[in-house]
Amino acid sequence: QVQLVESGGGLVQAGGSLRLSCAASGSIFSINAMGWYRQAPGKQRELVATIISGNGTNYADSVKGRFTISRDNAKNTMYLQMNSLKPDDTAVYYCNEDIRSSYWRSFSNYWGQGTQVTVSS
């Protein structure tokens with residue numbers, strides 16, 4: 001089975017930085033699209049950033065220029081470097097990945113359990 005585990009969340013003051021990690025484990029043949037989403041209290045889950053296998057990236061307008069998504073294919077790990085954090089960035093952050101567990105299987109979509117990011121003013 002495939003498992004995604006996020007880490008790196010925490011409490012930080014406005015203007016500070018955090019680096020989130022999402023490690024995939026289990027039966028992994030290949031990973032295609034990877035992304036970070038977030039959900040603030042009382043709000044819908046929203047896309048933060050995505051990165052595809054060719055390293056093309058896409059960001060929500062609210063985080064452009066402040067957040068950077070990256071991936072280490074050798075480690076099956078994705079990162080989100082978050083700089084210049086604002087109180088509005090407070091949310092639970094989830095990683096999401098399209099993973100193929102073997103050559104004979106198609107891609108399936110997986111979610112991590114989430115990691116809390118809290119930015120104080």
Side-chain donor or acceptor of [X] paired with backbone N/O of [Y] under 3.5 Å:
X	Y	value
Asn96	Tyr110	yes
Thr115	Gly8	no
Tyr59	Ile69	yes
Thr57	Ile51	no

| Within 45° cone of Phe29 ring axis and under 6.0 Å: Arg105 NZ or CZ |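 That pair does not qualify as a cation-pi contact.
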Straight-line distance of [X] [atom1] to [Y] [atom2], nearest 0.5 Å:
X	Y	atom1	atom2	answer
Thr50	Asn58	OG1	CG	4.5 Å
Gln113	Leu4	CD	CG	8.5 Å
Ser121	Gln13	OG	CD	9.5 Å
Ser108	Glu97	OG	CD	12.5 Å
Asp98	Met34	CG	CE	10.0 Å
Ser30	Arg100	OG	CZ	5.5 Å

Any idea which heavy atoms bring [X] and [Y] closest together, and the distance?
X	Y	answer
Ser101	Ser27	O-OG, 3.0 Å
Gly112	Tyr94	O-CD2, 3.7 Å
Ile31	Ala24	CD1-CB, 4.3 Å
Ala91	Ala40	CB-N, 3.8 Å
Cys95	Glu6	N-OE2, 2.7 Å
Val92	Gly114	CG1-CA, 3.8 Å

| Looking at side-chain heavy atoms only, is the closest gap between Trp111 and Arg45 below 4.5 Å? | yes
| Side chains of Ile99 and Asn76: does their closest heavy-atom pair fall under 4.5 Å? |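 They are not in contact (no side-chain heavy atoms under 4.5 Å apart), so the answer is no.
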| query | Would a hydrophobic clustering, with Ile, Leu, Val, Met, Phe, Trp and Tyr connected at side-chain separations under 4.5 Å, put Tyr37 with Leu20? | reply |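 Unlinked, Tyr37 and Leu20 end up in two clusters.
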| query | Is there a chain of hydrophobic side chains (I, L, V, M, F, W, Y, each step under 4.5 Å between heavy atoms) that links Trp36 to Val119? | reply | yes
| Option among Lys75, Gln81, Met82 that satisfies the side-chain contact (heavy atoms from CB on, under 4.5 Å) test with Tyr79 | Lys75
| Pairs touching residues 61-70 that satisfy side-chain hydrogen bond (donor to acceptor under 3.5 Å, both in side chains), sequence neighbours left out |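 As it turns out, the side-chain hydrogen bond (donor to acceptor under 3.5 Å, both in side chains) pairs with a partner in residues 61-70, which skip direct neighbours, are Arg38-Ser62, Asp61-Lys64, Arg66-Asp89.
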| request: Report the C-alpha separation of Gln116 and Thr90 in whole Å, then their side-chain angles, then the decisive distance to 0.1 Å, and conclude whether the side chain to side chain contact (heavy atoms under 4.5 Å, CB included) test is met. | output: CA-CA 8 Å; Gln116 177 70 47; Thr90 296; 4.0 Å; yes
